[in-house]
Structures are given as structure tokens and as C-alpha cells.
Number of protein chains: 2
Amino acid sequence: MFRLSRAAEYAIRGVAYLADNNSGDAIESEKIAKAEGVPAAYLAKLFQALAKKGFVRSVRGPEGGFTLAMSPERISLLDIIEAVEGPIYLNDCLIRAGHCQRETICPVHDVWRGAQEKLLDYLRGSTFADLVASGRVKLMRARRRSCAK
Amino acid sequence: MFRLSRAAEYAIRGVAYLADNNSGDAIESEKIAKAEGVPAAYLAKLFQALAKKGFVRSVRGPEGGFTLAMSPERISLLDIIEAVEGPIYLNDCLIRAGHCQRETICPVHDVWRGAQEKLLDYLRGSTFADLVASGRVKLMRARRRSCAK
DNA sequence: CTAAATAGGACTCCTTTTATCCTAAATCAA
DNA sequence: TTGATTTAGGATAAAAGGAGTCCTATTTAG
């Protein structure tokens, strides 16, 4: 239906939390899940995938949890989406060059490629550093509004 | 999974066929289905939706079938996708303003909106007139290549 | 009247998504 | 070493959505 999966949504929220609380100490997945309001067991599983891909680092045992494995400006939304969902293809015929035998004659093909590039470029250009920054601005605005009342 | 449904893909192929064979005579859905290599009964069903939305006109009875209800440059890919799939929302929280209670504080929200606008603008800007034109260019090129062999 | 076409609904099958749960492995501290 | 805590990994189950078929009703040309 052309929609982002919950898995990706949860993973992004989780990484955003880590980026916003990037002290160096590991944070338990359960704590993150509670803070972001997502199912804990599910988030833990998603973080496994992120750890495998090298975006977060996992620490087992007491005082364990997860930390970012690189600085927030080096992680894009696209990175996390694809880590959790696999590569994005708007249409099957874009899976790889030559996969679609209609490629040379099908005019729709080019449109999909164009649309996909637009979307992917945008998501690739959005980093978690941006996200944290704009989140803080939003939070300040929300606070100001509630005080003014 | 962030992918276009087959329903939309089929519908687009069908409308593209009509746009490319826009003589004014109605064309049976079965003929279109065969030409485009899609399941006939399914395409017929999809065309019902397109007819309801006013993009194609249906003619019942012998010599019946479908024609475009407006000129190809007035129909965009987005029109057809949304006629078949319903409105596109990359993320649930974009379904309508105010639907997401995190809107004022959630920084990801703005990113989704940006990504969605990029994608929708692109699809809105791609018309079936463009599609037919580029399809004819592609066909000519393909013919030239096969003759040169 | 009959044949040909769409309209509409019901229904099935399959895949994917969204989880949950259990056991194993790692690690810290007493 | 033991026990508590936390992630790793796999199995599994429930729910939803996607893809498609089929049957009957309706329209219409000849």
C-alpha cells in the first residue's frame, strides 16, 4: 500500500532516541521502547538488525544495552529503513538492472526510476543529527507555548 | 514494504494502453489485458474503480469496452495510483492533520511530510501524455537497434 | 431475443507484517 | 562461582493485506 512499515518507524524512533541521548552509556532496549511507546520485544529484535549492520553497538549483561556506533550525522533515515526492511524498490522492475524484460520499451519504467531516486535522495539526505536538532527546536517551541498559556 | 501494488501497476499499464490507442472506439478490457500481459478479470475490476473516478468511460454490451474519459495530459500517474489504492500516505501519522498526537514534538513527522511531497509532486507531474510520447521514442529506438543487427 | 460486454459482490489463497516467547550466550558484581 | 541482567537468535502464531477468481446482475447492439 505504499507505506512505511511499523518496523522501520519503530527503528527510526529508537535510533532517534539514542541520538538524542548520546552520552556514551548503553541504554536498555526496554527503556527506549517505553520512552518511545513501542513494543519492547519487537524493538529489541529490530535493534539486532541495526547492530548487525553496524549502526548501533550492543552491550550484553548488566548495565548493558545499545549505543550509537557512529555519529548521528553519518546515519540517514534511509540507512535505518533499509537495515530493517531491506533495499527499497518502488516497483519490482527496479530490483536490479535487467530484471525487467520490458525495460527497453516500457515507458513507465523510467518514471519509477525517477520517483524512486527522488524519494531515496531525500531520505538519504536526512540524518539523525538533523532530526535531533529539529526535535530540540520543536520541544522548545512546545514549552514556550505551554508557558504562555 | 514501501512498494507499489500490482493493482496500481496493472491499472497504469491499462490506462497507458488506452492513451496510446485513443481512437475514440471502446476497447474491451480483455484485449487490453492480453496486450499488457496482466490478469484479465483483475484488470476489469480495476477499471471499474477508474470508471467510478471518471478517468475512463465504460461502454457495456457488444462493441463495448473502455475509453479514456479525458485527454492523456490531464491524467497523472498519481491519479491512477490513488484511484486504485486510495490516497497515498508514506506514514500513518500523515493521514490527516491532527491525526498524530506527536505532531508538534516529533521531528520525524516533518521528514515524512517532506518525503511524501517530493514523491507525490513527481507522480503528479507525470502524465499519460508524457508516457505515450516517451513510449513511442523508446519503441523507435528499439526498432532501429533490432534492424541494425 | 440473444450474445457480448461491464458492474458488483463474495470468496479464496497466499504472503507479509507484527508481534510474542523461549533458550542460549555474554557480562558484571558479589 | 553463582546469580542477575541484558542481548542474540530462532520458532511460532495471529492478523492484515494483496492478488486473483468466479458468479450473478445489468446494459446494450444487432
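Numbered from 1 within each chain, the chains take letters A, B, ... in sequence-line order. Because the structure is a prediction, the values reported are computed rather than measured.
D:dA29 atom C1' lies 14 Å from atom CG of B:D25, rounded to whole Å. In this structure, CD of B:Q48 is placed 13 Å from C1' of C:dA10, rounded to the nearest angstrom. Separating the CG atom of A:L18 from the P atom of D:dT7 is a distance of 11 Å, rounded to the nearest angstrom. Here the C1' atom of nucleotide C:dA5 and the CD atom of B:E30 are 10 Å apart, to the nearest Å. Protein atom CZ of B:R3 is 15 Å distant from nucleotide atom P of C:dT15, rounded to whole Å. One can place CZ of B:R57 at 12 Å from P of C:dA7, the figure rounded to the nearest angstrom. Between B:E9 atom CD and D:dG18 atom P the separation is 15 Å, expressed in whole Å. The distance between atom CD1 of A:I32 and atom C1' of D:dT6, rounded to the nearest whole Å, is 12 Å.
Within the structure, a side-chain polar atom (N or O) of A:S29 is placed less than 4.0 Å from OP1 or OP2 of D:dT7. Within the structure, every side-chain polar atom (N or O) of B:S5 is placed at least 4.0 Å from both OP1 and OP2 of D:dG17.
Distance from the side chain of B:A51 is smallest for C:dA7 among the nucleotides C:dT18, D:dT7, C:dA7.
Between A:D79 and A:R124, no side-chain nitrogen of the basic residue sits less than 4.0 Å from a carboxylate oxygen of the acidic one, so the salt-bridge criterion is not met. Between B:D121 and A:K118 no salt bridge is recorded (no basic side-chain N to carboxylate O distance below 4.0 Å). Of the charged side-chain nitrogens involved, at least one lies within less than 4.0 Å of a carboxylate oxygen, so that B:D20 and B:R136 count as a salt-bridged pair.
Residue-to-nucleotide proximity on DNA chain D shows that, of A:G64 and A:K52, the 5′-proximal contact is made by A:G64. Each of A:A7 and B:F47 was matched to the nucleotide of DNA chain C holding its nearest heavy atom; the match closer to the 5' end belongs to B:F47.
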Treat primed atoms plus P, OP1 and OP2 as sugar-phosphate and everything else as base, then score nucleotides 19-30 of chain C 5' to 3': B for base contact with protein heavy atoms under 4.0 Å, S for sugar-phosphate contact only, - for none.
BS----BBBB--

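B:V56 and B:V132 are assigned to two separate hydrophobic clusters, defined by single-linkage of ILVMFWY side chains at heavy-atom distances under 4.5 Å.
Counting only distance, with no hydrogens or angles, the side chain of A:E30 and the backbone of A:A40 share no donor-acceptor pair below 3.5 Å. Looking only at distances, a side-chain donor or acceptor of B:R13 sits under 3.5 Å from a matching main-chain atom of B:E36.
Less than 4.0 Å separates DNA chain D from no heavy atom of any residue of residues 76-84 of chain B.
Judged purely by distance below 3.5 Å, without hydrogens or angles, the side chains of B:E73 and B:T127 never pair a donor atom with an acceptor atom.
Interatomic distance, CD1 of B:I75 versus CG of B:L131, reported as 11.0 Å (0.5 Å rounding).
Note on A:F66: only backbone sugar-phosphate atoms sit closer than 4.0 angstrom, heavy atoms only; bases stay farther off. Looking at heavy-atom distances under 4.0 Å, B:A26 makes no contact with the nucleic acid at all. Here B:E28 lies in heavy-atom contact (under 4.0 Å) with sugar-phosphate atoms only.
What you find for B:Y122 and A:A115 is that their closest heavy atoms are CE2-N, 3.2 Å. When all heavy atoms of A:S134 and B:P107 are compared, the pair lying nearest together is OG-CB, 3.4 Å.
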